Amino acid sequence: MTKITWFGHATIGVETADYKLLIDPYFTGNPSASAAASNINADFILVSHGHGDHIGDTIDIAKRTGAKVISNYEIINWLGKQGLENLHAQHLGGGFQHPFGYLKLTLALHGSQLPDGSYGGNPCGFLLTLNDGKTIYLAQDTGLFGDMALIGEEDLDLAMIPIGDNFTMGPDDALRAVHLLQPQVVVPIHYNTFALIEQNADEWAEKVIAETTTKAVVMVPGEELNLDD
Ligand code: NI
Ligand code: MN
């Protein structure tokens, strides 16, 4: 059984078999956060890029829990300099068999500067093939790109994609992304956290349901989604 929690913004929990994954853990200072960083447990933390609303509370949570942090080479190097030791670097297009399943870093059209101005390498998304066979694409921050069609060849059980516009895909491009990805279920993320990215997710979900065979699920921060349902 795999359970997904959307904590708000692009912060996602994936509980699968004996492992808890935490993606882009932005709790402190996040107006939409549904939990406090100090209450979150994780075995693995995945960081998509260096921006503050994604690297977020990574250092504090990793230090407290001992979670292994997985990100691109540049961010892993930087986290090492901040005193973290349990680290795993990958890079775009590369996959690795972790205890929870196979994780590949995917293309993302975005930036990645770290909070202190350091170079954060290329931003990424995550393609997870979990040990229970579920395939999940977490786009995180990205613009629309045509190679989402390649990710769509992976028979996705779930895709979580941004609809906020301004920094990432907006609703229209996110709808085009659903056509390319063809997931069983799509969940919109990275919207309504700040005024700049306010969107009507229900309206967007209605369009997805009308135009595609994908089931669109609008979650509220803190809500859970059981993939075996
Ligand atoms: Ni960003
Ligand atoms: Mn962001």
Side-chain angles (χ1 to χ4, degrees), residues 4-14 21-35 37 40 42 45-62 69-79 82 89-92 105-128 136-145 147-148 151 159-174 177 181 186-201 204 218-222:
I4 308 295
T5 307
W6 183 52
F7 290 104
H9 202 56
T11 304
I12 299 161
V14 177
L21 282 61
L22 185 60
I23 293 89
D24 288 351
Y26 173 47
F27 298 97
T28 305
N30 175 357
S32 70
S34 59
I40 297 293
I45 300 173
L46 280 54
V47 180
S48 68
H49 64 289
H51 294 161
D53 59 323
H54 295 263
I55 199 143
D57 298 295
T58 295
I59 294 169
D60 285 349
I61 296 172
V69 184
I70 304 168
S71 188
N72 73 23
Y73 178 81
E74 290 81 0
I75 289 173
I76 290 302
N77 244 340
W78 184 82
L79 289 170
Q82 318 304 312
Q90 293 185 216
H91 233 304
L92 272 67
L105 302 197
T106 61
L107 177 66
L109 294 182
H110 198 65
S112 184
Q113 189 179 55
L114 286 151
D116 66 359
S118 299
Y119 174 61
N122 284 314
C124 70
F126 301 108
L127 181 61
L128 286 161
I136 300 172
Y137 171 51
L138 306 174
Q140 306 312 96
D141 285 14
T142 186
L144 178 68
F145 54 90
D147 284 354
M148 283 183 181
I151 300 171
M160 297 181 79
I161 64 175
I163 66 161
D165 220 349
N166 195 73
F167 299 113
T168 68
M169 293 191 284
D172 292 346
D173 278 354
L181 295 167
V186 69
V187 174
I189 61 168
H190 211 274
Y191 67 96
N192 288 3
T193 320
F194 319 108
L196 263 177
I197 57 173
E198 266 173 28
Q199 298 296 341
N200 186 328
W204 180 79
V218 176
M219 298 175 78
V220 295

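Order of appearance sets the numbers: ligands from 1, and atoms from 1 within every ligand. All values reported here derive from a predicted model rather than from experimental measurement.
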* Structure fact -> Under 2.8 Å from the Mn ion (ligand 2), the protein N, O or S atoms found are Asp53 OD2, His54 NE2, Asp141 OD2, His190 NE2
* Would you say Thr11's side chain and Asp24's backbone share a donor-acceptor pair under 3.5 angstrom? -> yes
* Structure fact -> Hits for side-chain hydrogen bond (donor to acceptor under 3.5 Å, both in side chains) against Gln90, two or more places apart or cross-chain, chain-then-number order -> His98
* To do: Could you tell me whether a side-chain N or O of Asn72 sits under 3.5 Å from a main-chain N or O of Pro123, the two making a donor and an acceptor?
  => no
* Structure fact -> Sequence neighbours excluded, the answer for side-chain contact (heavy atoms from CB on, under 4.5 Å) partners of Ala177 is Leu144, Met148, Ile161, Met169, Leu181
* **Donor-acceptor contact below 3.5 Å, side chain Ser48 vs main chain Gly125** => no
* To do: Could you name all protein N, O or S atoms found under 2.8 Å from the Ni ion (ligand 1)?
  => His49 NE2, His51 ND1, His110 NE2, Asp141 OD2
* Mind telling me whether Phe167 and His190 have parallel, tilted or perpendicular rings, with 30° and 60° as the class edges? => perpendicular
* Are the ring centres of His9 and Phe194 closer than 6.0 Å? -> yes
* Structure fact -> Exactly one of Leu109, Leu92, Leu105 clears side chain to side chain contact (heavy atoms under 4.5 Å, CB included) with Asn122, and that residue is Leu92
* Asked: In a check of side chain to side chain contact (heavy atoms under 4.5 Å, CB included) between Phe7 and each of Ile40, Ile12, Asn30, which one passes?
  -> Ile40
